[in-house]
Number of protein chains: 2
Amino acid sequence: MSNRLDPSLIARLPPFSKLDRDQITTLLEQATSQLYPAETTIFSEGQEAERFFLLLDGHIRVVRLTPGGEQVIALHIPPGQLFGIAQAIGRKTYPAMAVAAEDCIALSWPVNLWQRFCDDFPGFATETYRTVGERMGELHESILAMATKHVEERVACALMRLIQQGGRKDGNAVEISFPVTRQNISDMTGTTLHTVSRLLSAWARDGVVESRRRHIRILDPHRLVLLSGA
Amino acid sequence: MSNRLDPSLIARLPPFSKLDRDQITTLLEQATSQLYPAETTIFSEGQEAERFFLLLDGHIRVVRLTPGGEQVIALHIPPGQLFGIAQAIGRKTYPAMAVAAEDCIALSWPVNLWQRFCDDFPGFATETYRTVGERMGELHESILAMATKHVEERVACALMRLIQQGGRKDGNAVEISFPVTRQNISDMTGTTLHTVSRLLSAWARDGVVESRRRHIRILDPHRLVLLSGA
DNA sequence: CGTGAAGTTTGATATTCCGCAATGAACCCG
DNA sequence: CGGGTTCATTGCGGAATATCAAACTTCACG
């Protein structure tokens with residue numbers, strides 16, 4: 001809960017990019033900064049939405065649970081984005097669970113500041129609604145993929161989404177910059193970790209990917225696109 | 001494009017329920033009213049969002065198309081709700097296609113009035129964001145169902161969603177009040193019309209449903225809930 | 001009416017993918 | 001450095017569901 005946050009941390013991020021130095025300072029003074037170790041649950045589905053968050057570093061998994069205990073990963077939040085913004089969609093409770101995919105640092109503010117931010121900070125409201133729209137687009141894409149594509153294509157799509165949000169380029173290859181298990185990928189695509197494992201093995205044989213435990217590199221992104229059946 | 005619209009048409013609908021008579025009148029004077037015959041495409045995915053809509057009567061299917069020409073029904077819009085509200089999610093183009101599931105009547109306004117509505121009409125912005133939130137919730141549910149449930153359960157869920165939005169009660173039974181084909185249901189659930197047909201036949205044998213061409217009645221809603229694996 | 005189009009049913013066959021089971025490799029921590 | 005835990009691999013059999021094919025109903029419309 002440091003109150004020595006550097007304005008440069010957030011000055012360039014879209015929701016705040018139009019603000020002047022003073023506004024940024026005000027904003028930071030009211031913020032709480034916290035480290036969430038990997039696999040921490042930041043908030044749960046249905047829980048009262050008491051704060052909203054800005055992810056500074058790391059990646060968040062947005063997860064929904066079934067009554068039967070299975071889990072589905074609906075989205076990933078990349079650094080620099082707001083999350084836990086139930087207020088933006090007229091809710092008083094969080095619509096899903098947020099889990100730190102790796103060690104994460106996030107700022108957060110109490111909900112009662114939400115309206116203030118929207119009113120006082122030009123571009124804040126607009127940008128958050130754009131974010132909501134983008135996430136809705138991603139959900140749409142997921143549904144489309146689940147409804148029309150075969151497992152192999154869906155898994156390829158999932159990998160592509162992952163590298164789009166957390167891809168470290170390395171020559172021709174791309175590595176997913178945060179830890180991902182086979183189980184995680186199966187939770188994104190509605191399959192089993194077995195099937196994912198088999199697919200990755202096959203792709204590794206063909207030189208499309210390479211994978212260590214919890215880490216995946218795509219050696220031939222182009223071939224992956226083909227496999228995704230775009 | 002009548003300008004003799006009765007204020008009572010919309011005065012009670014959530015987005016406008018807090019407005020006084022004069023405001024409603026102003027609002028209606030600026031609106032265009034139009035009939036969209038069944039199966040009409042009201043707007044297409046990617047198209048410039050020039051107007052936003054309020055559905056007065058009928059049901060809308062929100063559809064996405066794959067490059068391969070398959071279609072997926074992501075949502076249904078019931079009467080009384082806004083749709084085509086790309087502005088609310090920071091977009092300049094419609095994110096999906098809207099098709100009239102039956103004869104529909106809708107009001108629409110040019111986008112340049114959107115900001116005015118948000119500023120001038122108390123509750124309008126809030127209500128639209130609530131709507132966006134609800135639709136996001138539905139997309140989440142779809143994803144959860146597609147990822148974790150078997151076809152039979154998914155189809156049962158789809159029927160339940162349909163009766164929730166367009167269900168005419170009739171004693172113990174419920175009838176879906178607008179036309180639905182096997183193909184439509186398969187487009188909602190990511191199956192084939194063949195499988196849906198088989199399931200409905202089986203359920204009809206068990207007395208759970210009854211169906212004519214393009215119309216489905218649920219005779220035993222409780223059994224359907226069980227089949228949905230809630 | 002009669003004809004065609006759209007929607008539905010059903011069977012037979014094909015295939016994908018899951019579930020189960022067991023082994024093996026990588027990592028953490030004391 | 002050893003022991004346990006988490007994560008990954010692989011084979012096999014079987015169930016769920018798609019695909020193919022054909023006949024049948026219902027309806028709209030001339």
Side-chain angles (χ1 to χ4, degrees), chain A residues 37-39 61 66 68-73 99 101-103 145-156 158-159 176 178-206 209-217 227 229, chain B residues 37-39 61 66 68-73 99 101-103 145-156 158-159 176 178-206 209-217 227 229:
Chain A
E39 303 306 321
R61 287 196 293 264
T66 65
E70 298 161 290
Q71 66 171 40
V72 174
I73 300 175
V99 178
E102 59 188 320
D103 289 353
M146 299 260 230
T148 65
K149 294 188 175 184
H150 290 179
V151 168
E152 180 167 34
E153 299 171 315
R154 296 209 301 267
V155 171
L159 286 187
I176 296 168
F178 56 93
V180 186
T181 67
R182 312 290 187 251
Q183 176 74 57
N184 291 155
I185 295 175
S186 69
D187 289 341
M188 297 173 65
T189 51
T191 10
T192 62
L193 77 165
H194 309 274
T195 300
V196 173
S197 178
R198 276 183 256 268
L199 287 171
L200 286 179
S201 297
W203 293 345
R205 270 192 289 281
D206 295 347
V209 304
E210 184 183 73
S211 71
R212 300 185 291 293
R213 173 185 242 234
R214 292 169 68 91
H215 280 274
I216 299 175
R217 309 180 73 214
L227 287 165
Chain B
E39 303 304 322
R61 287 196 295 263
T66 65
E70 297 159 292
Q71 65 171 41
V72 174
I73 300 175
V99 178
E102 58 189 321
D103 288 354
M146 299 260 229
T148 65
K149 295 188 174 182
H150 289 181
V151 168
E152 180 168 34
E153 300 170 314
R154 297 209 300 269
V155 171
L159 286 189
I176 296 168
F178 55 93
V180 186
T181 67
R182 312 292 187 251
Q183 177 73 57
N184 290 156
I185 295 176
S186 70
D187 288 341
M188 297 174 65
T189 52
T191 12
T192 62
L193 77 163
H194 308 274
T195 300
V196 173
S197 177
R198 276 184 253 268
L199 286 171
L200 287 178
S201 297
W203 293 345
R205 270 192 289 283
D206 296 347
V209 304
E210 184 182 75
S211 72
R212 301 186 290 294
R213 175 187 241 229
R214 291 168 69 91
H215 280 276
I216 299 174
R217 310 179 73 214
L227 286 166

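Within every chain, numbering begins at 1; the chains are lettered A, B, ... in the order of the sequence lines, protein sequences first and strands thereafter.
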message = Rounding to an integer number of Å, can you tell me how far M146(A) CE sits from dC17(C) C1'?
response = 15 Å
request  = Find the distance E39(A):CD to dT5(D):P and express it as a whole number of Å.
outcome  = 18 Å
ask   = For L199(B) and dT8(C), what is the distance between atoms CG and P respectively, to the nearest whole Å?
value = 14 Å
query = Any ion pair linking E102(A) and R61(A) (charged N to carboxylate O, less than 4.0 Å)?
reply = no
request  = Check whether any side-chain heavy atom of R212(B) lies under 4.5 Å from a side-chain heavy atom of R217(B), and answer yes or no.
outcome  = yes
query = When all nucleic acid strands are considered with a 4.0 Å heavy-atom cut-off, which category describes L193(A): base, sugar-phosphate, or nothing?
reply = nothing
request  = Please report the shortest heavy-atom distance between L227(A) and A156(A), naming the atom on each side.
outcome  = C-CB, 3.9 Å
5'-most by nearest nucleotide on DNA chain D - S211(A) or T191(B) = S211(A)
inquiry  = When you measure from the side-chain N and O atoms of S201(B) to the phosphate of dT10(C), is any distance below 4.0 Å, counting only OP1 and OP2?
reply    = yes
request  = Find the distance K149(A):NZ to dA18(D):P and express it as a whole number of Å.
outcome  = 18 Å
key: Distance, rounded to the nearest Å, where Q183(A) contributes CD and dT9(D) contributes P   = 13 Å
task = For R154(A) and dT16(C), give me the distance from atom CZ to atom P, rounded to whole Å.
result = 14 Å
inquiry  = How many whole angstroms separate atom CZ of R182(A) from atom C1' of dT10(D)?
reply    = 13 Å
query = Quick one: is T181(B) getting a side-chain N or O under 4.0 Å of the dG7(C) phosphate, OP1 or OP2?
reply = no
Sugar-phosphate or base contact per nucleotide [nucleotides 19-30 of chain D; S, B, -; heavy atom under 4.0 Å] = BBB----BS---
request  = Give the minimum heavy-atom separation between H215(B) and I176(B), together with the two atoms involved.
outcome  = ND1-O, 3.9 Å
Nearest non-hydrogen partners of R214(A) and T181(A), listed with the distance = NH1-CG2, 3.7 Å
request  = Mind checking side-chain hydrogen bond (donor to acceptor under 3.5 Å, both in side chains) for T191(B) and listing every partner two or more places apart, or none if nothing turns up?
outcome  = T189(B)
